[in-house]
Amino acid sequence: MHAAHEPDDDPDGSGQRRFDELIAADSRIEPSDWMPAAYRKTLVRQISQHANSEIIGMQPEGNWITRAPSLKRKAILMAKVQDEAGHGLYLYSAAQTLGTDRDTMFEHLITGKAKYSSIFNYTTPTWADMGSIGWLVDGAAICNQVPLCRASYGPYGRAMVRICKEESFHQRQGFEILLELMRGTPAQREMAQESVNRWYAPALMMFGPPDADSPNSQQSMAWKIKRFSNDELRQRFVDMLVPQAEILGVTLPDPDLKWNQERGHYDFGELDWNEFTEVLAGRGPANAIRVSRRRAAHENGEWVREAARAYADKQASLAAAQAPTHEWMAS
Amino acid sequence: MHAAHEPDDDPDGSGQRRFDELIAADSRIEPSDWMPAAYRKTLVRQISQHANSEIIGMQPEGNWITRAPSLKRKAILMAKVQDEAGHGLYLYSAAQTLGTDRDTMFEHLITGKAKYSSIFNYTTPTWADMGSIGWLVDGAAICNQVPLCRASYGPYGRAMVRICKEESFHQRQGFEILLELMRGTPAQREMAQESVNRWYAPALMMFGPPDADSPNSQQSMAWKIKRFSNDELRQRFVDMLVPQAEILGVTLPDPDLKWNQERGHYDFGELDWNEFTEVLAGRGPANAIRVSRRRAAHENGEWVREAARAYADKQASLAAAQAPTHEWMAS
Amino acid sequence: SDAVARYALGLGDDALVLAQRLGEWVTNAPELEEDVALSNIALDLLGHARSLLTYAGSAWGQSEDDLAYFRDEPQFVNRQLFEQPNGDFAQTIARQLIASAYFIGLYRALSASPDPMLSGIAAKALKEVDYHLDHSAQWLLRLGQGTAESHRRMQRGLDTMWVFSDELFSDDSLPTGQDAAALAGIAVTPSSLREGFDALVPRLITEAGLTVPSAPYARGGGRLGVHTEYLGPLLAEMQVLARVHPGASW
Amino acid sequence: SDAVARYALGLGDDALVLAQRLGEWVTNAPELEEDVALSNIALDLLGHARSLLTYAGSAWGQSEDDLAYFRDEPQFVNRQLFEQPNGDFAQTIARQLIASAYFIGLYRALSASPDPMLSGIAAKALKEVDYHLDHSAQWLLRLGQGTAESHRRMQRGLDTMWVFSDELFSDDSLPTGQDAAALAGIAVTPSSLREGFDALVPRLITEAGLTVPSAPYARGGGRLGVHTEYLGPLLAEMQVLARVHPGASW
């Protein structure tokens with residue numbers, strides 16, 4: 001366990017100076033470096049939220065593993081959900097380097113204290129949602145995360161490098177699911193379009209509120225955790241989506257969406273931020289089942305973890321009893 | 001609870017004489033009457049086995065409740081399985097009048113000590129099996145049970161009257177399921193025939209081994225518990241089935257089946273009694289899951305029953321504490 | 001009219017989906033008496049569902065089975081409470097308590113509807129759901145006051161199901177314009193049932209020594225075809241055979 | 001040949017049905033690491049199933065999906081062990097222990113088959129099932145020697161699954177006559193695998209402080225299309241979407 005550095009740890013200010021230099025030089029902060037308490041706190045919150053999102057994000061897709069309509073898709077989907085569990089574990093490890101242990105973070109998740117990405121409070125009533133999540137949700141995640149590969153905190157940046165690779169793979173798989181549907185029967189095409197209609201706006205809101213309403217972003221950018229503002233990332237995402245939607249043949253559900261020659265970007269309509277706030281406040285379509293489902297799994301598994309602990313303890317005391325006496329005790 | 005009469009209870013033989021008179025006069029033996037220990041034991045075994053059969057018999061049909069192909073059939077099937085639970089409870093009550101308590105009988109069932117009808121060790125892979133069970137299994141049960149309405153032990157005979165009424169209702173429902181299938185699509189007709197092929201012989205074996213191999217039957221008939229021999233009942237069943245099969249348009253899977261003008265009965269082929277013995281010995285298709293499933297339900301419900309007992313105890317002691325003092329204590 | 005049919009469809013789906021869930025208990029109940037009791041309740045609900053779906057379908061030339069077996073998840077308009085999984089016995093009792101209390105208010109009000117079909121169905125159902133509430137309330141007491149474990153499970157069951165109670169009283173699916181006029185007076189406004197529910201259920205919970213949950217409510221939207229992920233597999237199982245043999249009669 | 005295809009179909013169904021069962025654990029495992037481990041195993045098995053079904057189907061002009069999604073229960077020829085429900089984690093581990101030990105023997109023998117497709121699939125699978133056995137054996141130890149509760153559950157899990165172990169070594173589905181000749185030397189005779197299994201699994205069970213069950217074996221017949229009642233609902237869920245859209249490509 002890593003002990004937290006408090007301001008007291010840096011009486012002469014040398015830690016802060018070194019930290020500022022590293023940030024200014026675009027270098028990495030490593031676990032053993034001094035860092036401001038607020039920087040640490042921001043990172044723990046962000047990384048553990050990200051981990052929680054991966055874990056909760058398993059559910060909307062896990063919903064279709066048993067019903068995937070072809071064995072190939074079943075295998076891809078299962079692997080994807082497995083990747084998400086892996087990302088969760090990987091990110092928890094990164095957060096642990098900041099002195100917060102995994103059990104605490106997980107406990108905060110299943111008691112509802114910790115947040116996770118609001119997008120996973122939407123549900124997946126149709127198979128096409130496996131496509132939309134990959135294409136739109138993972139797509140937005142990538143726009144968000146690629147800059148995070150250069151985040152100033154070393155373990156986080158490195159975790160993101162690995163995660164981004166897999167995410168871009170996931171996005172392409174989602175795109176392919178939708179493409180197959182759009183080239184399929186009328187019922188399949190309708191399924192794809194209906195799903196895109198539901199996921200488009202929530203995906204755009206994944207970048208967070210407009211810059212004007214996002215006061216914390218400023219500090220994160222100064223610390224080089226965040227590299228671009230919410231609105232910049234959102235614009236980048238929309239610009240990326242439009243040509244892909246054309247290839248798919250799906251209509252993005254925004255009548256105001258059009259190319260702005262002057263800006264060199266697509267204009268798009270106002271988003272329903274009231275919806276965003278509602279979901280964030282726990283009143284999304286699936287908030288009620290997401291955490292309780294993971295908590296139920298955790299509680300049902302308590303006897304298993306207890307057995308594993310008991311067994312490990314027994315093995316440890318057995319090993320201790322059988323260990324040869326240390327030399328300094330022998331002589 | 002009823003204390004068991006032992007031979008010691010009848011030193012002057014008056015109990016035995018009265019019992020013999022009642023049997024000879026075709027009257028009923030009632031719980032308070034003296035009866036031979038072997039008569040009591042035979043009845044307890046037979047009635048509790050019958051109860052167990054009803055309870056285990058819920059499973060092969062319960063298997064299709066959630067998948068019944070029309071709401072009407074779902075309702076009928078659910079009501080039927082419910083009737084079976086009711087029969088089980090009703091028969092346990094009859095057996096309890098002989099001094100064996102329900103918990104013991106149920107315990108014997110879920111620990112595998114007690115028997116139940118072998119027929120329920122067959123499985124129900126298709127919907128048509130709901131028809132075959134009703135038509136063939138309930139049909140055979142009725143042939144067996146109608147004479148039992150006159151069984152010499154009063155509570156058993158009366159239980160059978162009620163049960164037979166419901167069983168004949170169930171048999172007609174099974175017949176209707178098959179009829180609907182046989183009037184349906186080719187796939188439905190094939191489903192019905194394939195199912196009848198599987199259930200026909202096991203249903204015939206429900207009457208037990210041939211008379212020559214059924215030594216216990218003799219005593220049961222002398223006691224007027226049983227009224228007809230296994231082979232008599234089996235013949236009666238086959239004679240009943242043939243014209244019904246013609247109406248259905250299904251083929252009974254027995255090449256030797258034909259009308260014998262001389263006997264005035266249908267002749268039928270040899271049954272595979274080795275199969276019967278195998279299933280009886282626990283090596284039927286579903287022996288492995290039947291008891292373990294009911295046991296699992298029982299074990300999973302232990303905390304519920306414990307709560308109900310604890311609550312009842314609390315209520316009882318509350319009532320006792322609040323009860324007015326008895327008069328004889330007051331003066 | 002179409003508006004009345006759509007109203008009946010929602011009520012029918014509620015009953016159908018809950019009956020299907022309760023049907024999963026058969027042969028798995030904690031004791032034989034509960035196998036009987038739960039299938040009794042399931043049968044009653046299935047009866048309500050059949051009447052309501054038949055009535056709804058009559059406006060569209062569809063049978064109860066067309067509606068039950070050949071609609072996909074987004075076309076089902078049951079409230080989300082009813083599709084929630086059984087969980088343990090306490091969770092089922094919690095769902096049943098909320099459902100039965102709601103049904104009592106609903107069918108009492110609906111039995112005064114000027115639509116003779118709806119009032120007839122409601123009057124008959126009312127007697128049955130009264131018994132259903134009794135069954136749940138008895139178990140609520142036994143589990144709430146039984147053992148430490150049963151108390152813990154019953155509270156957890158309530159916590160899990162309570163979040164879906166608010167949706168029952170949402171007017172989110174009430175039609176507007178001409179349809180609203182067609183339905184006015186005929187249908188029961190869901191929000192009008194909240195007062196009766198609030199006067200009854202929290203009291204029962206408290207009397208059982210349990211705590212009325214305070215977690216935020218689920219958003220709902222079941223009447224608009226929005227469901228939790230538990231409905232899909234339920235429908236897969238329910239509809240499988242009928243869909244493998246389209247057009248067949250059973 | 002048709003005989004080889006039918007042989008591959010049986011092995012493929014075993015792997016497919018078990019993968020489907022393990023897939024039900026995803027998001028429900030006792031800890032995240034087990035979500036990963038169980039889906040890893042499921043993925044491996046699904047891979048085996050796809051290779052085997054593709055190979056089987058090539059003899060009949062059918063795809064893996066034709067075989068997986070458009071056969072009914074009596075046409076599935078998996079052994080019954082694989083369709084048994086997950087139960088609690090101990091029951092899943094018991095099933096997995098028996099299955100993995102069986103697979104190791106099978107794929108070891110089959111990797112020497114003169115049929116290059118079968119030997120290739122087997123050689124690749126062998127490495128994977130080796131890891132699967134390791135996973136189950138570890139948990140067998142932990143649960144057998146962990147707490148009183150885990151010991152009780154693990155024993156119950158073994159008792160429940162053990163009755164289905166005998167079927168794995170039954171030669172009931174070996175073809176006769178000309179087909180037998182076509183298969184001779186190519187397929188592994190199930191009964192030849194019993195010795196290796198018996199030398200391994202009872203020892204593992206005993207080392208974990210548990211008792212090798214002695215209840216009578218189930219009759220089996222899975223290879224002949226005879227199944228316990230757990231397979232039907234599994235297939236209903238697995239096949240639902242594909243069947244609602246026959247002929248569609250995904």
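Order of the sequence lines sets the chain letters (A, B, ...), proteins ahead of strands, with each chain counted from 1. Values in this document were obtained by computation on a predicted structure and should not be read as measured data.
With sequence neighbours excluded, the residues that form a side chain to side chain contact (heavy atoms under 4.5 Å, CB included) with Val240(C) are Arg67(B), Val244(C), Ala236(D).
Scanning residues 68-79 of chain B against chain C with a 4.5 Å heavy-atom cutoff picks out Ala68(B), Pro69(B), Ser70(B), Leu71(B), Lys72(B), Arg73(B), Lys74(B), Ala75(B), Met78(B), Ala79(B), ordered by number. At a heavy-atom cut-off of under 4.5 Å, chain C is reached by Trp127(B) from residues 122-139 of chain B, listed in order of number. Contacts of residues 160-184 of chain B with chain C at a heavy-atom distance below 4.5 Å involve Glu180(B), Leu181(B), listed in sequence order.
Judged purely by atom type and a 3.5 angstrom limit, Gln188(B) uses its side chain to pair as donor or acceptor with the backbone of Ser249(C). Gln82(B) places a side-chain N or O within donor-acceptor distance of the main-chain N or O of Val36(C), the cut-off being under 3.5 Å.
With a 4.5 Å cut-off on non-hydrogen atoms, Arg153(C) touches chain B through its side chain but not through its backbone. Contacts between Val81(B) and chain C at a heavy-atom distance below 4.5 Å involve the side chain alone, from C-beta outward. Looking at Ile56(B), neither its backbone nor its side chain comes within 4.5 Å of chain C, counting heavy atoms on both sides.
Contact check on Glu33(C) versus Arg102(B) returns a salt bridge, with a Lys/Arg side-chain nitrogen under 4.0 Å from an Asp/Glu carboxylate oxygen.
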Run Thr147(C) and Glu306(B) through side-chain hydrogen bond (donor to acceptor under 3.5 Å, both in side chains) and show every step you take.
CA-CA 7 Å; Thr147(C) 64; Glu306(B) 205 180 311; 5.2 Å; no
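When all heavy atoms of His298(B) and Pro30(C) are compared, the closest pair comes out as ND1-O, 4.5 Å.
Side chains of Tyr92(B) and Leu32(C) form a contact here, defined as non-hydrogen atoms less than 4.5 Å apart.
For the options Arg294(B), Arg305(B), Lys314(B), heavy-atom pairs under 4.5 Å to chain C are most numerous at Arg294(B).
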